[in-house]
Amino acid sequence: MALKKYTLKKLPTTGSVGDQLDEARFTIDYRERLNPAQYEAATATDGAYLIIAGAGSGKTHTLVYRVARLVEAGNDPRSILLLTFTRKAAREMLTRAEALLDDRCGRVQGGTFHSFANYTLRRYAKAAGIEPNFTILDQSDAEDAVNLIRSQSGLVKDKRRFPNKKTLYKCYSLSANTGREVEEIVETEYPHFLDEIDAILKIHEIFLQYKRKNGLLDYDDLLIYLRDFLFDLGDGAKSMLEGIKYVMIDEYQDTNRLQADIALGLTQLRRNIMVVGDDSQSIYSFRGADFKNIIDFPKLFPECEIIKLEENYRSTQYVLDFANALNETMLERYEKNLFTRMEGGEQPYVIAARNENLQSRFVVDKILELREEGESLSDIAVLFRSSFHSFDLEIELNKANIPFVKFGGMKFIETAHVKDVLAFLRVALNPVDMVSWYRILLLHEGVGPKTAQKILDLLATGAAHLKSDISAQPAAAKIPEKLHALFGLLHILHLKKTSPTEMAQMAIDYYFPLFQQAYDDYNRRKKDLEVFVNITENYDGLEGLIADMAIEPPIESVSDAGPEDEEDELVTLSTIHSAKGLEWRSVFVIYALDGFFPSTRSMRDPAQVEEERRLMYVASTRAKRRLFISYPMNIFDRESGTTLSKPSRFITSVPSDFVDGYLLEE
């Protein structure tokens, strides 16, 4: 009897056997609608997977198809858990999955880490060791609770400076999310408060007791209690985990230590997990995100398969070549090479300007040129490392009547400390500017609204004025002696016939002790004052400076404002952190020089330099067609005057073959 002949066919490494052998049973043609790498990720089922999703590679598209595929394969939608960083992202994915397949996808468990923690802890409160009717404190509530303890503890001495409620809560929250000790965070972020560390730690201890006693959980507690509940692995945790078959986590590079622990805790019974992210876009360490989570994922799940999404649907190859070259210089990374099928585009430009103002005028002129060529202002963005980098540009945009919206930080004159300095100069220009007078008076300790109003009345009636020294005026006795120096300064500024720069510097010298007293983070804010002095260099007289700075501030912040009219065209100004996930046809990256990008502070720590390198990668991959990177060759420094600057190490590390370099001169 002859033996039958069989053909052995090797199965792909992803997906279940049933899925691979009976592809025809699916109503959606996944292979047709996804590129090969996306298809591999969307059809992966049991096991651990790390999806390295390069910028613009269709990450959300892939996740939506995977959700639909898992549901269509017959899995209970409630056994699928999709964790994201915003409720909007989760809703968008599940809504798209419903539209792709059917309403079964709407029953998938989707939400943020915090919303999932809240749901789980209320359902299993007894097993988690808490009351089910606990109250959640939002950030403002938590800060107010800290402030109450701060005020009632008796630990804060009137004659000694002590961190305010926001600073205290930031230290406590960062400690919870990163696992670092509060003392280490104070030493790193607020070293000027180290002398108060015992009181800071005591307030933290009282705060924790206060929350436990009153059934209060802040956002950090939600994650801590969830983590502990999972790893205790009691009957409640086992019951919950038995109902979860597949775990999916988006933007994994942005997870903190607590969230990575939760990911591990969710997979104790089944190791079916897919995390999606891009190591090259890990830029939120200041919020507690840990770059090592995505790098070390294969150590936690040695059996995991890595799938790379490298086909880009956003940018031209010229932009991607620049981004790939940046990526190759990163010390720790996953190898990837972004490519596109799109044609055309322009090589990225690197522009060296003679000074800061020339850089701003170049950006304005180029925006106007692009507008004349038919490009919408809404398709143009200017990105920067720190909010104050755009201050000079904002003035030039207003001069050219180019409308813009700013994200990340505040517009120049909306920053309180810059408003303070401007108030001195406004009073010097107009001694009866009562709004500016009121602002200046309230800066002084011991001067409240009532005292300030009495002084304003003296000024309004002419009983006090800046025409002569206050000590020689009859009203001097009615003005607190501590304010006589203020009147003396304003008298000199009012009469002085000198440059706006010298006047601004005199105002800042007087203001600086008040500034240090008013803001716990004055070390970060003081750079803004240096930038302001630099801007005054462009003016011959105080009148022109004040006029140009008189930008009408919006009533609402950008985040609170409603959507703009669709017909309105606005150039986008944004910090790079706020631009992540967005895209524009033309992108300008300004102040690409060492000391600014990377910042001087970051240059002390190799890990921070690497994060800023990733920040440059994020900035460059926002561009679809055109990328302009600029830096001023001469920078004004308060201590050393005008100094030569060095282009950012990030752009000098990119081979010249990938950029067109230009020198900008008048």
Side-chain angles (χ1 to χ4, degrees), residues 35 37 52-59 278-281 308-330 333-353 359 362-363 365-385 571-572 574 576 579-593 597 612-631 647-664:
N35 69 37
I52 299 298
S57 61
K59 167 181 66 78
D278 184 0
D279 55 299
S280 299
Q281 298 189 68
K308 298 176 184 177
L309 306 184
E310 298 172 292
E311 182 170 356
N312 180 283
Y313 295 92
R314 174 189 299 154
S315 308
T316 66
Q317 194 61 51
Y318 289 112
V319 172
L320 298 181
D321 286 342
F322 180 88
N324 287 331
L326 266 178
N327 193 60
E328 287 177 10
T329 65
M330 295 179 189
R333 70 189 187 282
Y334 288 99
E335 295 286 345
K336 58 179 170 290
N337 185 56
L338 299 180
F339 68 92
T340 184
R341 300 174 197 270
M342 294 169 56
E343 297 181 353
E346 302 172 14
Q347 189 122 289
Y349 300 87
V350 173
I351 297 104
Q359 174 185 240
F362 160 74
V363 173
D365 290 346
K366 195 66 185 177
I367 289 173
L368 292 172
E369 182 182 315
L370 292 172
R371 185 71 183 84
E372 285 301 308
E373 292 174 2
E375 189 149 311
S376 168
L377 293 180
S378 301
D379 280 332
I380 301 171
V382 183
L383 307 182
F384 29 86
R385 168 65 184 84
V571 170
T572 298
S574 177
I576 301 167
K580 186 172 174 289
L582 304 177
E583 59 187 44
W584 296 269
R585 281 180 62 85
S586 297
V587 170
F588 296 82
V589 182
I590 60 175
Y591 283 98
L593 52 89
F597 195 179
E612 298 226 10
R613 194 186 306 273
R614 297 192 292 270
L615 199 61
M616 179 65 83
Y617 176 89
V618 169
S620 64
T621 52
R622 301 310 95 200
K624 295 181 183 179
R625 307 289 295 181
R626 300 182 186 87
L627 176 62
F628 303 91
I629 301 176
S630 63
Y631 66 93
S648 171
R649 62 193 65 190
F650 304 145
I651 58 174
T652 56
S653 67
V654 173
S656 58
D657 294 349
F658 297 128
V659 298
D660 283 336
Y662 293 91
L663 176 63
L664 193 64

Salt bridge R314-E583, side-chain N to carboxylate O under 4.0 Å: yes
Residue list, side chain to side chain contact (heavy atoms under 4.5 Å, CB included) with D365, at least two apart or on another chain: none
Residues in side chain to side chain donor-acceptor pair (under 3.5 Å) contact with K308, at least two apart in sequence or another chain: none
With sequence neighbours excluded, residues passing side chain to side chain contact (heavy atoms under 4.5 Å, CB included) with E372: none
Modelled atom types, side-chain donor and acceptor of T340 and N312, under 3.5 Å: no
Donor-acceptor pair between N324 and Y617 side chains, under 3.5 angstrom: no
Side-chain touch F597/L615, heavy atoms, less than 4.5 angstrom: yes
Residues that R625 engages under salt bridge (Lys or Arg N to Asp or Glu O under 4.0 Å), provided they are two or more places apart: none
Side-chain donor or acceptor of D279 paired with backbone N/O of Y334 under 3.5 Å: yes
With S630 via side chain to side chain donor-acceptor pair (under 3.5 Å) - residues at least two apart: Q359
Note: E612-R614 ion pair, threshold 4.0 Å (strictly below): no
Listed partners of R626 passing side chain to side chain donor-acceptor pair (under 3.5 Å), at least two apart: E346, E375, S586
